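In this text, all values refer to a predicted model and were calculated from it rather than measured experimentally.
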Amino acid sequence: MDLRRIKGYLTALAASLKDRLLAPVGSCPAFFFAATALGAVAPLTLALLCGQLRLRFTAFALCQSAVLAYAACVLMRRCRVARMAFLCVLAAWAAIEAGHTAMLGRCIDASSVSLAMDTNPAEAGGFFRQYFSAGLIAKILLFFSAMAAAPWCGRMLWMRLRHRPFPSALFAAALAVALPAGAIGIAECASVWFIKDYDRFLIWRAHDNGNTALARVYRMLHSDSFTKGLYLAKNMQMDSATLRMWEHVQRGITSEPAGKAGTDSLTIAVIIGESFIKSHCAPYGYGLPVNPRLQQEIDSGRMVAFTDMISPADFTIQSLRNTLNLNDLADGTAWHDSPFWPLLLRRSGFSVYLYSNQYAPGGGSNELNGMLYSPVLTDCCYTATAERRFDYDHLFTEHVMRNLCPSEHGARKLIIWHLLGQHFPADERLPADSQCRRFTAADITAEQPWLTPGRRAEVADYDNATLYNDSIVGSIIDLYRNTPSVAIYFSDHGEEIWDVAPYGSRNAQHPDDAEWLHRHFDIPFFVWMSPAYTAANPDAAARIKAAAGRPGMLDNLGQAVLGLAHTDGGGRYNPRRDILSGSYSPAPRVTSAGYAYDSIVSE
């Protein structure tokens, strides 16, 4: 056989295969390059906006995005409208991803989606006003300028190489490698959708092929838009399934015999603040008089300030899911496998009231709203709930006090108040004409290189919101002053403030930094006792005062409440986890994200 003829045949075959491979790209090159770039937006935004170039994740995303772009070229070759619609969808997602990454320095993840779904319009507006700046907008515009150049550059590249044998062959070879690799990656990642069990889902996403930096959970967050969308949808589905697991636990409690409880008249008020940090709390040494009501109660001996209490998480959803259920993170117990302790009190003869100015019935079925207003609870836990939210806490508390507060005496009541507190932007947490607007930038005397006049004004806004919040908490305490009552007031988590850190809010995770942990997790925690309660329970009052210096975490708050209520919670009360008990035994504190708090801050 003539070798020259064989060579010619093979050359013709290779040229034919190359032409066939490149034909879909050649039919709409600008579309192909635009779709590939937009589809890989997650790692590209990190690289271009944050300087976090992750080559492996970028390569994975580009290969997978190229597969989707190539398939779209094949399927939409003759339909320009379909191609434009496809690009519009990718561009919309890219805009969201770019804005999120520019603001927070990380890609969109499931918690971002959950937070967005649980955020009302007023909070969303405040969020954007807090984060958006001229510099941020400029970064996003520069990013989209670079992305807009991708189709133009791609088309110019195509025009140059399509009639040149070697460059076109080189491009075809790269495509021949990228498309199978991307297809395999998509198939591997898309397998998450077939997982039915939450434990298997956790195992699947933790798989790392021996390299923890390449664990699927990280790869999925930096993947192409389609694959990442599948993962986020599955994650949300799994979270919904977790909520159903939690509901199953609560239904089991409703079928149990009632817990053993005392019969004395008692009101337990749990007041949940928002974004309040110890370093800006006067009873813990802050220099400005931002807590006159709290200080008055402390000076009178009616209130005890706990000095070493932390939150289980630095975001409201995670914090309150672990605070309002009877799990113990030190023992590895998950919130969704644990009883909702207000339900235990209801089963022990307490009336239970929930007054939240952040969440309301009908606000959504996911995350915290889905837990607080689950049909399981609304049917058998709450005596009453607040149906409305207000822009300011004083309007909310006045509404509750006027229309919803129970008036019966001699009863046993648990009343949960959930306030807006100092949720950013702090300037919007109190009315413009409020008498609590006392502090100005001139009052902020801290010396930090990043503390500009504008940032000093933000710190003053936070102090004004704290003073306003102090008046709200004082008005709630006044409700219970003449009855046997105990009030527990704490913040759900900490906050970043310019006078103590180069940040204005919680926008990044630095768990190896002890000072960062203190700012995000250390919280004010107070227990107030009415004169009638102290007179009737002198031993309990002494134990509360003796507990002020103990280390604790909010995941064991339920044990303390069960102890105050003198109920065994259906056999679930554990005095070793009740910080107010003489039998309390502190365990090493581990946050919901797995941060070993005590080990890190003691280094």
Side-chain angles (χ1 to χ4, degrees), residues 104-105 111 115 123 126-127 130-131 271-288 290-291 294 305-324 329 358 368 418-426 429 444 446 448 455 458-459 461-470 473 488-526 551-557 589-602:
L104 302 181
S111 62
L115 187 61
E123 290 176 331
F127 182 87
Q130 171 77 11
Y131 280 106
I271 309 169
I272 305 172
E274 169 71 53
S275 304
F276 188 17
I277 53 178
K278 286 176 68 175
S279 62
H280 271 254
C281 182
Y284 293 99
Y286 186 56
L288 296 178
V290 294
N291 301 110
L294 294 182
F306 283 63
T307 58
D308 194 9
M309 185 68 70
I310 70 169
S311 167
D314 57 345
F315 288 98
T316 300
I317 296 170
Q318 297 97 315
S319 174
L320 293 191
R321 288 196 306 190
N322 287 280
T323 297
L324 295 175
L329 288 169
Q358 291 199 37
L368 198 54
H418 185 202
L419 305 174
L420 285 173
Q422 291 93 305
H423 193 293
F424 66 81
R429 297 286 75 84
I444 310 305
Q448 303 285 9
R455 290 171 177 174
E458 287 185 33
V459 178
D461 290 337
Y462 185 87
D463 287 341
N464 288 329
T466 301
L467 180 61
Y468 170 77
N469 178 256
D470 181 75
V473 174
I488 303 173
Y489 169 53
F490 57 90
S491 177
D492 58 352
H493 51 69
E495 188 59 279
E496 297 277 27
I497 303 295
W498 292 110
D499 63 328
V500 292
Y503 306 103
S505 56
R506 290 157 290 122
N507 56 7
Q509 300 283 299
H510 303 286
D512 294 329
D513 180 354
E515 290 305 312
W516 177 86
L517 284 170
H518 283 307
R519 295 194 300 269
H520 279 227
F521 292 88
D522 291 13
I523 55 171
F525 186 93
F526 305 94
M553 190 161 75
L554 290 180
D555 61 332
N556 282 310
L557 175 68
R589 291 172 289 185
V590 179
T591 73
S592 66
Y595 306 151
Y597 176 91
D598 289 313
S599 298
I600 296 169
V601 300
S602 63

* To do: Quick one: pull up CZ in F525 and CE in M309 and give me the separation to the nearest 0.5 Å.
  => 4.0 Å

* Asked: Distance-only, no hydrogens or angles: does the T323 side chain make a donor-acceptor pair with backbone N or O of S319 under 3.5 Å?
  -> yes

* To do: Quickly, which of I523, L329, I310 forms a side chain to side chain contact (heavy atoms under 4.5 Å, CB included) with L554? Name it, please.
  => I523

* Euclidean distance, D470 CG relative to L294 CG, rounded to 0.5 Å -> 4.5 Å

* Asked: Will you find, in the side chains of T316 and D492, an N or O donor that is under 3.5 Å from an N or O acceptor?
  -> yes

* Asked: Taking atom types as modelled, is there a side-chain donor on Q448 or W498 under 3.5 Å from an acceptor on the other?
  -> no

* Asked: Aromatic rings F526 and Y489: how do their planes relate, parallel, tilted or perpendicular, breaks at 30° and 60°?
  -> parallel

* Donor-acceptor pair, side chain of R519 and main chain of G494, under 3.5 angstrom -> no

* Asked: Under 4.5 Å between any side-chain heavy atoms of N469 and V473, yes or no?
  -> yes

* Please determine, by modelled atom types, if N291 and Y284 share a side-chain donor-acceptor pair under 3.5 angstrom. => no

* **side-chain contact (heavy atoms from CB on, under 4.5 Å) evaluation trace for Q422 with Y468** => CA-CA 9 Å; Q422 291 93 305; Y468 170 77; over 6 Å; no

* Asked: Can you tell me how far CD of E515 sits from CG of D522, rounded to the nearest 0.5 angstrom?
  -> 9.0 Å

* **S279 vs Y286 side-chain heavy atoms within contact, under 4.5 Å** => no

* Structure fact -> Between the CG atom in L517 and the OH atom in Y597, the distance rounded to the nearest 0.5 Å is 7.0 Å

* What distance do T591 atom OG1 and D314 atom CG have between them, rounded to the nearest 0.5 Å? -> 8.0 Å

* With ring centroids as reference points, do Y462 and H280 lie under 6.0 angstrom apart? -> yes

* Please report the C-alpha distance between Y503 and H510 in whole Å, then the side-chain angles of each, then the deciding distance to 0.1 Å, and finally whether the side-chain contact (heavy atoms from CB on, under 4.5 Å) criterion is met. => CA-CA 12 Å; Y503 306 103; H510 303 286; 3.5 Å; yes

* Structure fact -> Between the NE2 atom in H493 and the OG atom in S275, the distance rounded to the nearest 0.5 Å is 4.0 Å

* Indicate whether the side chain of Y595 and that of H520 have a donor and an acceptor atom separated by less than 3.5 Å. => no

* Asked: Any side-chain heavy-atom pair from D461 and R429 closer than 4.5 angstrom?
  -> no

* Asked: Going by an N to O cut-off under 4.0 Å, is there a salt bridge joining D308 and R589?
  -> yes

* E274-Q358 side chain donor-acceptor pair, cut-off 3.5 Å -> yes

* Mind checking whether F521 and I277 have side chains closer than 4.5 Å, heavy atoms only? -> no

* Can you find a heavy atom in the side chain of L419 that is under 4.5 Å from one in the side chain of I272? -> no

* Search all heavy atoms of A446 against all heavy atoms of D499 and return the closest pair with its distance. => CB-CB, 3.8 Å

* To do: Answer yes if the side chains of Q318 and S592 hold a donor-acceptor pair under 3.5 Å, and no otherwise.
  => no

* Taking C-beta and beyond as the side chain, do I488 and I271 meet within less than 4.5 Å on heavy atoms? -> no

